[in-house]
Amino acid sequence: MDVYDVSDDLIKKLQDWKLIGIISGKFNELKENHRKVDFVMRALIDFKYIEKIFLNVTLREDKCNKRSVEFRMLGNEQFSLKNRNYFQALELYNKSICYAEPNSEHLSIGYANRSAVLFEWKRYRQCLDNIKLARQANYPARLSHKLDKRERDCQQLLDQQPPDVVPYEFKLSFEPHAQVPFIADCLELRETAAEGRFVVTNRDLAVGDLVSVEEPFCSTLLTPMRYIRCATCKRENYLTLIPCDSCCSTMFCSEECKSIAMQTYHRYECPIIDFLNRMFNKIHCIALRTTLVALNIFPSIEELIDFCEQEQNQDKCAFDLNYNELTPEEHYRAIHGLVTNQHLRSVSDLFQRSVVCAVLKHFIIEYTPVKEYLGGEEGVNFFTDLLFRHLQTSPSNMHGIDLVEQVNETKDDQTHSSGAYAFLSLINHSCAPNTVRIYEGTKAYMFVLRPIKAGNVLYDNYGAHFAICSKEQRLKRLSLQYRFDCKCEGCELNYPMFGMMPHKATVPSVTDDTELALSSYNYDFAVSNYRKYCDFLTQYGDDYPCEQISSAEECLKMALHIMADAVPLKAKM
């Protein structure tokens with residue numbers, strides 16, 4: 001069961017009872033969003049959906065030594081000489097650590113088992129870190145001789161571990177913008193009725209130019225990554241992760257990240273973390289996280305209400321802010337001002353969104369400390385309106401934070417987090433984009449992928465690229481999620497998918513004998529060759545699209561991912 005199952009079943013029930021017309025009419029008459037949500041909530045209660053959810057979905061799993069031992073045994077099986085599946089073993093040991101009851105020896109044994117994997121893997125520094133964690137967690141004296149020997153062996157072999165990759169230090173290709181210093185000063189905001197807000201350049205841009213380096217307002221980790229990455233900084237630190245003290249679904253790379261989480265978003269999410277993971281998707285979760293972070297910025301709900309209702313805080317964007325004097329409140333202005341497109345949404349769309357909001361609101365208010373912050377009815381209504389707003393802005397404005405594309409991996413394996421980026425949200429879509437986003441952690445770099453003449457628009461790709469999706473698939477997907485009919489050059493000129501692209505005799509190949517070095521994630525090769533791809537794509541930009549250019553683009557993207565260390569650990573080993 002997830003929240004869409006609830007919504008679909010409710011609608012079917014209303015149709016069966018021939019109530020859908022009456023309910024839709026009454027729902028559509030309501031002007032305020034919190035009244036729409038409350039209206040839907042009454043239906044959910046009347047038809048006993050809230051009761052059913054509570055009975056069938058766990059809010060938060062309790063720590064359990066029995067489960068901890070089960071996961072540890074499964075980890076041992078993967079770590080055995082027969083299997084040697086070190087990645088699977090590490091993830092299972094992390095689950096064992098997460099499920100272990102506080103102050104029990106099972107926590108310390110989980111750290112010790114993790115250190116054994118790292119020793120075999122020749123990750124001696126991280127092995128020593130885990131030995132230290134095991135001892136801090138009161139590793140049993142009867143087993144200490146194993147840990148002592150491993151520590152001595154580690155100390156002797158420590159010099160043999162090569163240094164970890166340090167991400168390449170990228171710098172903006174131009175002087176920083178006066179108000180928004182993390183973007184290039186050549187970028188300007190434009191707005192039309194047809195295209196809304198978008199970004200243009202006032203000078204020619206070449207392939208490889210870095211035009212923005214942006215940190216998100218907030219981000220959230222996707223559920224499948226919860227035993228692999230830090231819930232706060234989102235870095236892949238599953239060699240040394242430590243657990244939340246209360247839930248079994250959240251881990252951190254350090255006490256600092258753990259403290260930040262507990263002071264901000266996780267104190268609200270922790271009591272219902274497994275309910276959130278089970279019932280909602282990444283769009284809902286980043287909407288909730290954005291709302292919770294906004295609450296945390298302001299000392300009281302009254303101050304947040306006042307801030308959001310001020311005229312100067314409506315419809316603002318990154319270009320309206322002065323990032324040289326940016327406060328968290330100011331940063332939120334641009335996120336709050338993202339376009340909802342509510343006037344374009346159908347009644348059925350708003351009804352479904354109201355179901356999502358109603359279920360989220362009920363459980364977050366009833367079972368977490370949010371209720372104490374909101375106070376009375378005015379605070380609850382405002383929270384509902386704010387959550388509903390971000391549930392509308394998230395699908396078309398939030399960004400998936402992903403890694404290099406790997407062979408035999410799905411998109412879900414590549415994307416590890418979602419983030420709210422004020423500037424990136426202004427970049428419009430094209431199925432044939434002229435920019436590409438590369439992430440270092442949650443920091444987003446935007447590079448030029450195709451030559452852009454002065455006065456032209458910067459385009460991002462929202463996941464529907466002409467080379468891998470048919471025009472029919474792209475139009476359907478973009479209309480459904482982003483509420484527009486795409487008229488980009490890729491659609492208007494009906495560019496062919498990769499397998500049908502022409503091989504132009506006038507364009508040489510720049511990718512001979514390079515794919516092997518890039519597919520092995522060779523950092524030195526990437527640093528030495530990425531400019532070659534940039535120069536090639538700039539020189540032959542007028543021949544776009546063709547097989548050679550598409551291949552060179554993929555090589556450039558791969559090189560940039562490697563340089564930013566946006567490569568999963570299991571791919572590098």
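Nothing here was measured: the structure is a model prediction, and the numbers come from that model.
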S.K.: So does Arg353 pair up with Asp349, basic N to acidic O under 4.0 Å?
M.R.: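 Yes.
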
S.K.: Considering only heavy atoms from C-beta outward, does the side chain of Thr393 approach that of Val339 to under 4.5 Å?
M.R.: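 Of all side-chain heavy-atom pairs linking Val339 with Thr393, none is under 4.5 Å.
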
S.K.: With a 3.5 Å cut-off and no angle check, do the side chains of His284 and Tyr4 form a donor-acceptor pair?
M.R.: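 Distance-only check passes for His284 and Tyr4.
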
S.K.: Keeping the roles fixed (side chain from Glu489, backbone from Asn494), state whether a donor-acceptor pair exists under 3.5 Å.
M.R.: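 No, the answer is negative, given that no donor and acceptor are paired below the 3.5 Å cut-off.
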
S.K.: Is Glu236 reaching over with its side chain to a backbone N or O of Leu569, donor-acceptor style, under 3.5 angstrom?
M.R.: yes

S.K.: Do Leu326 and Leu321 make a side-chain contact, defined as non-hydrogen atoms from C-beta onward lying under 4.5 Å apart?
M.R.: yes

S.K.: Check whether the side chains of Glu256 and Ser254 place a donor and an acceptor atom closer than 3.5 Å, and report yes or no.
M.R.: no

S.K.: Sub-3.5 Å donor-acceptor pair from the side chain of His336 to the main-chain atoms of Tyr332, do we have one?
M.R.: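 Not confirmed, His336 side chain does not pair with Tyr332 backbone.
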
S.K.: With a 3.5 Å cut-off and no angle check, do the side chains of Ser259 and Gln263 form a donor-acceptor pair?
M.R.: yes

S.K.: Just by modelled atom types, is the Ser219 backbone N or O under 3.5 Å from a matching donor or acceptor in the Arg289 side chain?
M.R.: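 Yes; judged by distance alone, with no hydrogens or angles, the pair exists.
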
S.K.: Distance under 6.0 Å and angle within 45° of the ring axis: does Arg229 meet both against Tyr238?
M.R.: no

S.K.: Under a 3.5 Å distance rule, please check whether Arg345 uses its side chain to pair with a backbone N or O of Thr340 as donor and acceptor.
M.R.: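 Such a contact is found between Arg345 side chain and Thr340 backbone.
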
S.K.: Checking the side chain of Thr538 only, and the main-chain atoms of Val207 only, is there a donor and an acceptor separated by less than 3.5 Å?
M.R.: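 Pair found, side chain donor or acceptor close to backbone of Val207.
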
S.K.: Within a strict 4.5 Å, meaning less than it, do heavy atoms of the Phe319 and Ile183 side chains meet?
M.R.: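 Yes, their side chains come closer than 4.5 Å.
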
S.K.: List the steps and the verdict of side chain to side chain contact (heavy atoms under 4.5 Å, CB included) for Asn33 and Gln342.
M.R.: CA-CA 10 Å; Asn33 287 330; Gln342 183 161 342; 2.9 Å; yes

S.K.: Using only atom types and a distance under 3.5 Å, with no angle test, would you say the side chain of Asn461 pairs donor to acceptor with the backbone of Ala464?
M.R.: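 Side chain of Asn461 to backbone of Ala464, a donor-acceptor pair under 3.5 Å: yes, one is there.
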
S.K.: Give the C-alpha distance, both sets of side-chain angles, the deciding distance and a yes or no for salt bridge (Lys or Arg N to Asp or Glu O under 4.0 Å) between Arg437 and Asp460.
M.R.: CA-CA 8 Å; Arg437 285 174 282 118; Asp460 191 5; 2.7 Å; yes

S.K.: Relative to each other, are the rings of Tyr462 and His429 parallel, tilted or perpendicular (30° and 60° limits)?
M.R.: tilted

S.K.: Does the side chain of Leu537 reach to within under 4.5 Å of the side chain of Tyr544, using non-hydrogen atoms?
M.R.: no

S.K.: Can you tell if the side chain of Cys534 reaches within under 4.5 Å of the side chain of Tyr530, non-hydrogen atoms only?
M.R.: yes

S.K.: Roughly how far apart are Asn313 CG and Gln310 CD, rounded to 0.5 Å?
M.R.: 5.0 Å

S.K.: Do Glu214 and Tyr445 pair up side chain to side chain, a donor and an acceptor below 3.5 Å, judged on atom types alone?
M.R.: no

S.K.: Quick one: pull up CD1 in Ile23 and CG in Asn28 and give me the separation to the nearest 0.5 Å.
M.R.: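 With rounding to 0.5 Å, CD1 (Ile23) is 12.5 Å from CG (Asn28).
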
S.K.: Looking at side-chain heavy atoms only, is the closest gap between Phe275 and Phe280 below 4.5 Å?
M.R.: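 Touching, per the 4.5 Å side-chain cut-off.
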
S.K.: How many angstroms lie between atom NE2 of His390 and atom CG of Asp385, to the nearest 0.5 angstrom?
M.R.: 11.0 Å

S.K.: Does the side chain of Thr232 pick up a donor-acceptor pair with the side chain of Tyr265 at under 3.5 Å?
M.R.: yes

S.K.: If you round to the nearest 0.5 Å, how far is CG of Leu458 from CG of Leu449?
M.R.: 11.5 Å

S.K.: How about Phe170 and Phe447: are their ring centres within less than 6.0 Å of each other?
M.R.: yes

S.K.: So, Tyr421 versus Phe217, ring centres under 6.0 angstrom or not?
M.R.: no

S.K.: Hey, mind stepping through Ser246 and Arg60 against side chain to side chain contact (heavy atoms under 4.5 Å, CB included) and telling me if it holds?
M.R.: CA-CA 9 Å; Ser246 301; Arg60 181 178 73 186; 3.6 Å; yes

S.K.: Looking at Phe383, does the NZ or CZ of Lys361 lie under 6.0 angstrom from its six-membered ring centre and within 45 degrees of the ring axis?
M.R.: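 Output no; distance or angle outside limits.
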
S.K.: Assess whether a salt bridge exists between Glu29 and Lys26, defined as any Lys/Arg side-chain N lying under 4.0 Å from an Asp/Glu carboxylate O.
M.R.: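 Here Glu29 does not pair with Lys26 in a salt bridge, since their nearest N and O are not under 4.0 Å apart.
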
S.K.: Quick one: does any side-chain atom of Lys282 pair with a main-chain N or O of Ser417 as donor and acceptor, under 3.5 Å?
M.R.: no

S.K.: Answer yes or no: is there a donor N or O on one side and an acceptor on the other, between the side chain of Lys234 and the main chain of Gly441, under 3.5 Å?
M.R.: no

S.K.: Would you call the rings of Phe39 and Phe27 parallel, tilted or perpendicular, taking 30° and 60° as the class edges?
M.R.: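 Tilted, since the angle between the ring planes falls between 30° and 60°.
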
S.K.: Please determine whether the number of non-hydrogen atoms from other residues, nucleotides or ligands lying under 6.0 Å from atom CD of Glu377 exceeds 12.
M.R.: no

S.K.: For Asp185 and His177, does a side-chain donor sit closer than 3.5 Å to a side-chain acceptor?
M.R.: no

S.K.: Do Phe307 and Phe298 have ring centroids that are under 6.0 Å from one another?
M.R.: yes

S.K.: Given side chain to side chain contact (heavy atoms under 4.5 Å, CB included), test Asn434 with Ile452 step by step and report yes or no.
M.R.: CA-CA 7 Å; Asn434 54 20; Ile452 309 174; 3.5 Å; yes

S.K.: Quiz question: by atom type and distance under 3.5 Å, do the side chains of Asp274 and Ser249 form a donor-acceptor pair?
M.R.: yes

S.K.: Do Glu303 and Ser300 have a side chain donor and acceptor closer than 3.5 Å?
M.R.: yes

S.K.: Would you please indicate yes or no on a ring centroid separation below 6.0 angstrom for His399 and Tyr439?
M.R.: no

S.K.: Report yes or no: is the cationic atom of Arg190 (NZ for Lys, CZ for Arg) under 6.0 Å from the centre of the six-membered ring of Phe198, at an angle within 45° of the ring normal?
M.R.: no

S.K.: Hey, are the side chains of Asp402 and His416 touching, using non-hydrogen atoms and a 4.5 Å cut-off?
M.R.: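 Asp402 does not reach His416 side chain to side chain.
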
S.K.: Distance from Asn202 atom CG to Phe174 atom CZ, nearest 0.5 Å?
M.R.: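 So the gap between those two atoms works out to 9.5 Å.
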
S.K.: Start with the C-alpha gap between Leu403 and Val567, add the side-chain angles, then the distance that decides, and say whether side chain to side chain contact (heavy atoms under 4.5 Å, CB included) holds.
M.R.: CA-CA 6 Å; Leu403 302 168; Val567 178; over 6 Å; no

S.K.: Measure the shortest side-chain to side-chain distance between Asp320 and Gln179 over non-hydrogen atoms and say whether it is less than 4.5 angstrom.
M.R.: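 They are not in side-chain contact.
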
S.K.: Are Gln539 and Asp535 linked by a side-chain donor-acceptor pair shorter than 3.5 Å?
M.R.: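 On atom types as modelled, these side chains do not qualify, holding no pair under 3.5 Å.
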
S.K.: Do you see a donor-acceptor pair shorter than 3.5 Å between the side chains of Gln473 and Ser470?
M.R.: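 A donor-acceptor contact under 3.5 Å links the two side chains.
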
S.K.: Quick check against the 3.5 Å criterion: does Arg450 have a side-chain atom that pairs as donor or acceptor with the backbone of Gly541?
M.R.: no

